Amino acid sequence: MKFLLVFDFDHTIIDENSDTWIVKCAPERKLPNGLRNSYQPGHWTEYMGRVFVYLGDNGVKEDEMKRTMTTIPFTAGMIDLLGFIGENKQLFDCIIVSDSNTVFIDWILKAADFHKVFDEVFTNPAAFSSTGYLTVQHFHAHHCAKCPKNLCKRKVLEEFLDKQLERGVSYTQIVYIGDGGNDLCPVMFLKKNDIAMPRQGYTLEKKISQLAQSLSPVQCSVLVWSSAIDIMSYLKLLIKE
């Protein structure tokens, strides 16, 4: 009996978007219009690369970024949920699949002492260059037309499950917890016994209900959450069974 918990990060574990939060470090806490308007759909990683260059050009250093990022609030109930998962690690494997980056997620999880809860984090690789600028790269290449160029979460999940099977690990149930449009692709991969937990009022919930209305519903069960306590209640029921 082992369960796999798959978490998105922005607006799921934390109650903000880590990429837009970093703008608090910019002069006057905002970006110039030209930079703000340079984003092209599907190319968020490239856009963030330009944001990091702008911050570096304006003398924003690593320690200031780190201080700013570790003030992001966790979603309601999330600290209790992650604590509960940490106490029951023998039952839960836990991964993050996120369009944020390794530096931000690492800072935030370590500051709150939650890094040990997660077995793996799949996100865009980031690092500070020799000149002190933060750089970010695509997580991988893929051929999925539905997903942004740098990350197909379904591909990540499929590859993770294959790797686990090679190690002799299979899961009784997959629980997918997310909020965004890019969480739909992996949710559509889930089977009848699995469960999708979209955050109430966010894009993923809306997209799942649109599919149900057009009579092509997802295969898995769907349970909407507004506080992570809702997720914890479900997991408690799961391990009682």
Side-chain angles (χ1 to χ4, degrees), residues 4-23 25 39 41-53 55 62 65-66 68-70 72-75 78 81-82 85 92-129 133-142 144 146-164 174-187 189 197-199 202-204 228:
L4 175 64
L5 308 178
V6 185
F7 280 87
D8 174 41
F9 191 69
D10 294 324
H11 292 297
T12 295
I13 291 177
I14 55 170
D15 207 14
E16 293 285 344
N17 179 324
S18 52
D19 279 344
T20 53
W21 190 268
I22 196 67
V23 175
C25 293
Y39 167 65
H43 297 269
W44 181 259
T45 317
E46 291 85 346
Y47 167 72
M48 285 311 299
R50 294 191 293 276
V51 171
F52 297 148
V53 167
L55 294 176
E62 182 175 342
M65 286 192 184
K66 186 175 181 177
T68 302
M69 294 314 288
T70 51
I72 299 181
F74 282 82
T75 310
M78 191 55 66
L81 171 62
L82 296 181
I85 295 167
F92 299 115
D93 279 353
C94 201
I95 64 173
I96 289 172
V97 188
S98 164
D99 207 356
S100 180
N101 68 67
T102 50
V103 168
F104 287 176
I105 293 178
D106 203 44
W107 280 344
I108 291 164
L109 293 181
K110 282 187 173 153
D113 203 22
F114 284 134
H115 54 291
K116 291 188 189 75
V117 172
F118 297 96
D119 300 287
E120 291 200 54
V121 176
F122 300 94
T123 187
N124 301 302
F128 283 89
S129 68
Y133 283 49
L134 184 56
T135 60
V136 64
Q137 294 168 304
H138 285 192
F139 177 73
H140 61 188
H142 64 83
C144 175
K146 298 190 190 81
C147 288
K149 203 171 99 169
N150 60 300
L151 177 66
C152 170
K153 294 188 176 191
R154 176 185 185 142
K155 184 180 181 188
V156 174
L157 183 55
E158 283 179 341
E159 288 176 355
F160 176 79
L161 292 170
D162 289 345
K163 200 172 75 184
Q164 290 297 85
I174 299 169
V175 181
Y176 192 102
I177 301 149
D179 70 281
N182 65 352
D183 293 312
L184 186 64
C185 193
V187 163
F189 161 76
M197 301 193 79
R199 188 175 180 186
Y202 282 72
T203 309
L204 180 61

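The basis for the numbers below is simple: all heavy atoms, side chains too, and nothing from hydrogens, waters or symmetry mates. Everything numeric in this text was worked out from a predicted model, so none of it was measured.
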* Begin from the C-alpha positions of F189 and L161 and carry the test side chain to side chain contact (heavy atoms under 4.5 Å, CB included) through to its verdict. => CA-CA 12 Å; F189 161 76; L161 292 170; 3.6 Å; yes
* To do: Answer whether the closest heavy-atom distance between the side chains of Q137 and T45 falls below 4.5 Å.
  => no
* Heavy-atom closest contact (A126 atom, T102 atom, distance) -> N-OG1, 2.8 Å
* **Student check: side-chain heavy atoms of L82 and F118 closer than 4.5 Å** => yes
* Structure fact -> side chain to side chain donor-acceptor pair (under 3.5 Å) filter on T135, not counting sequence neighbours, yields none
* Sole candidate of D8, D179, D15 that passes salt bridge (Lys or Arg N to Asp or Glu O under 4.0 Å) when paired with R199 -> D15
* Structure fact -> To the nearest 0.5 Å, atom CD of E46 lies from atom CG of N150 at 7.0 Å
* Structure fact -> Heavy-atom nearest pair, V187 first then Y176, reads CG2-CD2, 3.9 Å
* **S18 and its side chain to side chain donor-acceptor pair (under 3.5 Å) partner, picked from T123, D10, N101** => D10
* To do: Check step by step if side chain to side chain contact (heavy atoms under 4.5 Å, CB included) holds for F9 and L109.
  => CA-CA 10 Å; F9 191 69; L109 293 181; 4.3 Å; yes
* Asked: Is it true that a side-chain atom of T75 and a backbone atom of T12 form a donor plus acceptor pair closer than 3.5 Å?
  -> yes
* Salt-bridge present (E159, K163; N to O < 4.0 Å) -> no
* To do: Apply side chain to side chain contact (heavy atoms under 4.5 Å, CB included) to the pair I72 and F104, showing each step before the final yes or no.
  => CA-CA 11 Å; I72 299 181; F104 287 176; over 6 Å; no
* **Check: C94 main-chain N/O paired with D119 side-chain donor or acceptor under 3.5 Å** => yes
* Residue pair L55 / M65, side-chain heavy-atom distance below 4.5 Å -> yes
* Full working for salt bridge (charged side-chain N to carboxylate O under 4.0 Å, His left out) between R154 and E158 -> CA-CA 6 Å; R154 176 185 185 142; E158 283 179 341; 3.4 Å; yes
* Structure fact -> So OG of S100 and CE of M48: to nearest 0.5 Å the spacing works out to 8.0 Å
* Asked: How long is the gap from CD1 on I96 to CD1 on I105, to the nearest 0.5 Å?
  -> 5.5 Å
* Supply the atom-to-atom distance L184 CG to T203 OG1, rounded to the nearest 0.5 angstrom. => 10.5 Å
* **Flag, side chain of D106 to backbone of V103, donor-acceptor distance under 3.5 Å** => no
* To do: Could you pull out all residues at least two apart from H43 that satisfy ring pair (Phe, Tyr, Trp, His ring centres under 6.0 Å)?
  => none
* Asked: Taking C-beta and beyond as the side chain, do L5 and I85 meet within less than 4.5 Å on heavy atoms?
  -> yes
* Judged by atom type as modelled, is there a donor-acceptor pair below 3.5 Å linking the side chain of H142 to the main-chain atoms of K153? -> no
* Asked: Is there side-chain contact between C152 and H140, with heavy atoms separated by less than 4.5 Å?
  -> yes
* Non-hydrogen side-chain atoms of D99 and P148 separated by less than 4.5 Å -> yes
* Give a yes or no on whether the backbone of F139 and the side-chain of N124 come within a donor-acceptor separation of less than 3.5 Å. => yes
* Asked: Are any non-hydrogen side-chain atoms of V97 and F160 less than 4.5 angstrom apart?
  -> no
* Check: D19/W44 side-chain N/O donor and acceptor closer than 3.5 Å -> yes
* Measure the shortest side-chain to side-chain distance between I108 and F114 over non-hydrogen atoms and say whether it is less than 4.5 angstrom. => no
* Asked: For Y133, which residues count as a ring pair (Phe, Tyr, Trp, His ring centres under 6.0 Å) partner, sequence neighbours excluded?
  -> none
* To do: Kindly say whether T70 contributes a backbone atom to a donor-acceptor pair with the side chain of W107 at under 3.5 angstrom?
  => no
* To do: Quick one: closest heavy-atom pair of V136 and F52, and the distance?
  => CG1-CE1, 3.9 Å
* Nearest-0.5 Å distance, NE2 of residue H138 to CG of residue L151 -> 10.0 Å
* Work out which heavy atom in F122 is nearest to a heavy atom in I95; give both atom names and the distance. => CE1-CD1, 4.0 Å
* From E16 atom CD to M69 atom CE, the distance as rounded to the nearest 0.5 Å -> 10.0 Å
